[in-house]
Amino acid sequence: DMMFNAPMFAVTQKMALETARFSARRMRAYADQMEALSKCDTPQDVIAAQTSFFTQMQSDYLAEGEVLRGLISEATPEDSS
C-alpha cells in the first residue's frame with residue numbers, strides 16, 4: 001500500500017524547477033560566451049573570455065550544488081536520536 005508523501009512530492013517539484021532554472025541559466029551563459037568569443041580579436045582576448053567563462057561556470061555549479069543540497073536536506077528526516 002503506497003501512501004502519498006506530500007512533503008517529498010513538494011521537494012521533488014522544487015528540485016525539478018531548480019534544475020530547469022539552472023539549465024536555462026547555463027544555456028544562456030553558453031550563448032553569451034559564443035557572443036563574447038565572436039568579438040575577440042586576439043588570442044589573449046580568447047584566453048581572457050574563456051578564463052572568465054570557466055571561472056563563472058565553476059562558481060555557478062558550486063552554488064547550485066549548495067541549493068540542491070539544501071533541497072535534499074528538506075527531504076531527509078532528521079535523526080531524532
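Source: prediction; values computed, not measured.
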query = For Gln13, does the CD atom sit with more than 12 other heavy atoms under 6.0 Å from it, leaving out its own atoms?
reply = yes

key: Reported OG1-to-CG distance for the pair Thr12 and Leu17, which is rounded to 0.5 angstrom   = 11.5 Å

key: Residues, nucleotides or ligands: over 12 heavy atoms within 6.0 Å of Met8 CE   = no

ask   = Which residues satisfy the side-chain contact (heavy atoms from CB on, under 4.5 Å) test with Leu37, sequence neighbours excluded?
value = Gln33, Met34, Cys40, Val46, Ala49, Gln50

request  = Consider only side-chain heavy atoms of I, L, V, M, F, W and Y, link residues closer than 4.5 Å, and tell whether Val11 and Phe9 are in one cluster.
outcome  = no

message = How close do Leu68 and Thr19 get, counting heavy atoms only, and between which atoms?
response = CD2-OG1, 4.5 Å

note = The complete set of salt bridge (charged side-chain N to carboxylate O under 4.0 Å, His left out) pairs with one or both residues in residues 39-56, sequence neighbours excluded, reads Glu35-Lys39

query = With Glu66, which residues qualify under side chain to side chain donor-acceptor pair (under 3.5 Å), at least two apart?
reply = Arg69

query = By ring pair (Phe, Tyr, Trp, His ring centres under 6.0 Å), which residues pair with Phe22, not counting sequence neighbours?
reply = Tyr61

query = So which pairs with a foot in residues 5-19 pass salt bridge (charged side-chain N to carboxylate O under 4.0 Å, His left out), sequence neighbours left out?
reply = Lys14-Glu74, Glu18-Arg25

ask   = So, Ser73 side chain and Gly70 main chain: donor-acceptor pair closer than 3.5 Å or not?
value = yes

task = For Ser52 and Ala48, indicate whether the former's side chain and the latter's backbone hold a donor-acceptor pair under 3.5 Å.
result = no

query = Listed by chain and number, what are the side-chain contact (heavy atoms from CB on, under 4.5 Å) partners of Ala29, not counting sequence neighbours?
reply = Arg26, Phe53

